[in-house]
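The structure appears below as structure tokens.
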Amino acid sequence: MPKRRDILAIVLIVLPWTLLITVWHQSAIAPLLAIRKVCHHLVKEILIIPERLTIHRQRLADDGTETRHETGPATDSKEYCSQDKDIVEVVRTEYVYTRPPPWSDVLPTIHVITPTYSRPVQKAELTRLANTFLHVPNLHWILVEDSQRRTPLVTRLLRETGLNYTHLNVETPRNYKLRGDTRDPRIPRGTMQRNLALRWLRETFNSNSSQTGIVYFADDDNTYSLELFEEMRSTRKVSVWPVAFVGGLRYESPKVNAAGKVYGWKTVFDPHRPFAIDMAGFAINLRLILFKPQAYFKLRGVKGGYQESSLLRELVTLSDLEPKAANCTKILVWHTRTEKPVLVNEGKKGFTDPNVEI
Amino acid sequence: MRMRLKLKTVFVLYFTVSLLGLIYALMQLGQRCDCRGHDMSKDQQISQLRGELQKLQEHIKTSELAKKTDVPRIYVITPTYARLVQKAELTRLSHTFLHVPHLHWIMVEDAPQPTLLVTDFLAASGLTYTHLHQLTPKDRKLQEGDPSWLKPRGAEQRNEGLRWLREMGAAAEGKEAAALEEAVVYFADDDNTYSLQLFEEMRYTYRVSVWPVGLVGGMKFERPVVEDGKVVRFHTGWRPNRPFPMDMAGFAVSLRFILTTPQARFDGDAQMGFLESSFLQHLVTMDDLEPKADLCTKVLVWHTRTEKPKMKREDALQKQGLGSDPDVEV
């Protein structure tokens, strides 16, 4: 007959051990080992770099949202760390066709804001735009979709480029009383998307931080030379340059006097606008954006061609503008437009396999 | 009595040992927080190693691209002609080509002599290139206002590119000749859009390789239909009975076969849509086509076309003699 004393004794013996074992299980010994493994792996990689080795880095943030440093998925990955909730570095090896230049601690980051929307040429436009951006060091691409949800096409494309990006979306409300797919004509295309990007920048960057940055609005069908990005990098407030194929001219450009100051606009279409310049013709220093948090593109009641002015007049005056591109004499950006592809042979029901992504 | 005493001591001993063990274990777990400090240095080590790794890879990449001679060369023949958007098109095309290892760009201008714009552009592009020119005879040239499909375009220029390749092939010897044996030729128009993966797909072509092309033929994409690894027919919305109902951007040919088939050229008088066939039928039959891009299920190239920019204000100004500075190259 077990005596009370004996039971007590047994309990007192067993209890601490069970406690220990359970706690030990839950403890984070695993990360310790994993980190060691990652460390070993990296050392191994450095010592035996095979010719076509590349590495993608993926930071699995706790909330799973797309962070700026996310890069491509791998069909063939070697995961060394457990799927912990902690921030864990997963090292993947995979041949990638290209990679952006290494990030420099010295160069100001160029934040390129691109609004985009779904249409047949979208993937093509974004592909060739990405091919250009992949040559620009310290570029951060903020792609804002005009859609209810972020589309898988764009998500996948961004991951595969290897660029430093942020993927946002906001849908422009449509006026269904007009033709089926036209946007509200009073809101110029891309405005809400650009404003969202500006808001994101203001929420992400502290105006006191020393992070230097330049903000540029790049539409997805224009053509940009690589020299343009280096010209805009030295922007102190707002810099301007000529843009080809706008305003019904070969190019529109700011008028620059002998002292190197902008005093007017060389355009035919309403040269008396406060800023008679195309969206692709100026860049703004990030500090100025953060310093004036109320400055946004005006959504409604904006006359054609006054969109850019609606933002710039809240940020600078004409005399503050910095002319670039050899005092505005060189063309470094072209306002190209891509033809709408003729899809007559698709017919009403669609001829081609809808599962193939174009 | 002695027994009880012994048991008691055993118990006491056991207890003490357990307690000590427990305390030690708890301290270990507690020490995990201290290990965070240890972790920190590990993290630092990791990011340091990573930084080193990335630098080394960059180094590899640049030397890879610059001197990558162990993969087959890709010769890209691009016919081009002067128009407003020419420089823009060539600029963004060059940005794509700069990412492709071992690429040789053969630019053929539709002009009586090489233009300054293209000459300067190519020199600054950073690419390996050959600059040729071949003027299209007047009767074959599209006139102002003609729809783009009326006459085949670029035939003479592409033939000039082929002629140069054959001339080079005949003169080559030794290692260069061996490199040419493996090279691939691709016809890339200056307004299309090419993904980087496309070039890796076409690099290893034995004879003629094919893949889908997006936004062409009045459809979202045209492509060869593949069954059992062979092309059996073509999925196209327009005249599928052509020998090769494909777009110029949808195939690549191995240089070896071009060199050994001197009669393979583009027929400038060919009927609408038959330009590609006029060339390919000298080289290959449908059975011998090599399907790429995941057995022709992925679109890696798009037949984009750029709008002609509206110049009405410019034209109006020109009439008044106030046109924009012609010295500024656009």
Side-chain angles (χ1 to χ4, degrees), chain A residues 9 12-13 16-17 20 23-24 27-28 32 35-36 38-39 42-43 45-46 49 51 53-55 57 89 97-99 102 120-121 124 127-128 131-132 134-135 223 225-226 244-245 247-251 268-269 329-331 334 336-339 341-346 351-352 356-358, chain B residues 11 14-15 18-19 22 25 29 32 35 39 42 45-46 49-50 52-58 60-61 64 84-85 88 91-92 95-96 98-99 193 195-197 200 212 214-215 217-221 235 237-238 297-299 302 304-307 309-314 317 324 328-330:
Chain A
L12 281 171
I13 291 168
W17 287 107
L20 187 68
V23 174
W24 199 256
S27 82
L32 271 177
I35 287 176
R36 237 172 257 135
V38 171
C39 206
L42 282 170
V43 171
E45 300 278 24
I46 289 178
I49 277 195
E51 231 194 33
L53 173 78
T54 58
I55 279 198
R57 252 191 338 154
E89 309 273 4
Y97 302 104
T98 189
R99 228 178 314 119
V121 296
T127 299
R128 58 183 169 186
N131 287 343
T132 296
L134 280 163
H135 291 293
T223 304
S225 70
L226 300 181
F245 311 141
L249 297 171
R250 280 172 76 236
Y251 63 90
V268 168
F269 171 63
T329 57
K330 276 166 75 169
I331 307 293
W334 298 262
T336 44
R337 289 169 56 82
T338 306
E339 271 184 22
V342 169
L343 296 178
V344 285
N345 285 334
E346 289 285 345
F351 189 63
T352 50
V356 177
E357 188 184 83
I358 49 155
Chain B
F11 263 123
Y14 182 74
F15 237 140
S18 316
L19 206 66
L22 186 67
L29 295 175
R32 196 158 48 88
C35 278
D39 282 359
K42 279 260 186 269
Q45 223 181 343
I46 288 171
L49 285 168
R50 224 176 231 115
E52 234 183 273
L53 191 55
Q54 218 183 355
K55 279 201 195 91
L56 285 168
Q57 277 153 6
E58 256 324 302
I60 286 178
K61 185 199 169 189
E64 237 181 48
L84 282 166
V85 294
T91 301
R92 58 182 169 186
H95 294 164
T96 297
L98 278 166
H99 290 297
T193 304
S195 70
L196 300 178
Q197 201 186 344
E200 301 316 312
L215 310 173
M219 303 211 296
K220 288 203 183 130
F221 61 89
H235 175 96
W238 185 75
T297 55
K298 295 232 167 69
V299 175
W302 298 263
T304 43
R305 292 171 54 80
T306 306
E307 271 183 23
K310 299 192 180 80
M311 288 287 125
K312 53 181 180 156
R313 296 208 177 92
E314 180 76 41
L317 281 180
S324 50
V328 176
E329 189 182 81
V330 164

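Remember, it's a predicted structure, so these values are computed and weren't measured experimentally. First the proteins, then the strands, lettered A, B, ... as listed; each starts at 1. Hydrogens, waters and symmetry mates are skipped; everything else that's a heavy atom, side chains included, is used.
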> Checking A:T132 against chain B: side chain, backbone, both or neither under 4.5 Å from a heavy atom?
Replying inline: both
> Between B:M311 and A:L249, what is the shortest heavy-atom contact and its length?
Replying inline: CE-O, 3.1 Å
>> Under a 4.5 Å cutoff for heavy-atom pairs, which residue among A:P341, A:A124, A:S225, A:A244 has the most contacts with chain B?
In response: A:A124
>> Please check: side-chain N/O of B:E314 versus main-chain N/O of A:R250, any donor-acceptor pairing under 3.5 Å?
In response: yes
> In terms of heavy-atom proximity below 4.5 Å to chain A, should B:Y14 be classed as side chain, backbone, both, or neither?
Replying inline: side chain
> What distance separates B:L215 CG from A:T338 OG1, expressed to the nearest 0.5 Å?
Replying inline: 10.0 Å
>> What's the separation between atom OH in A:Y251 and atom CD in B:E329, rounded to the nearest 0.5 Å?
In response: 12.0 Å
>> Treating B:H99 as the side-chain partner and A:N131 as the backbone partner, does any N or O pair qualify as donor plus acceptor under 3.5 Å?
In response: yes
> Are the side chains of A:F245 and B:V85 in touch, meaning some heavy atoms are under 4.5 Å apart?
Replying inline: yes
> Checking heavy atoms, do the side chain of B:L317, its backbone, both or neither come under 4.5 Å from chain A?
Replying inline: side chain
>> Using side-chain heavy atoms (C-beta onward) and a distance below 4.5 Å, is A:V121 in contact with B:W302?
In response: no
> So which of B:T297, B:V299, B:V330 has the biggest tally of heavy-atom pairs under 4.5 Å with chain A?
Replying inline: B:V330
> What distance separates B:T96 OG1 from A:R128 CZ, expressed to the nearest 0.5 Å?
Replying inline: 8.5 Å
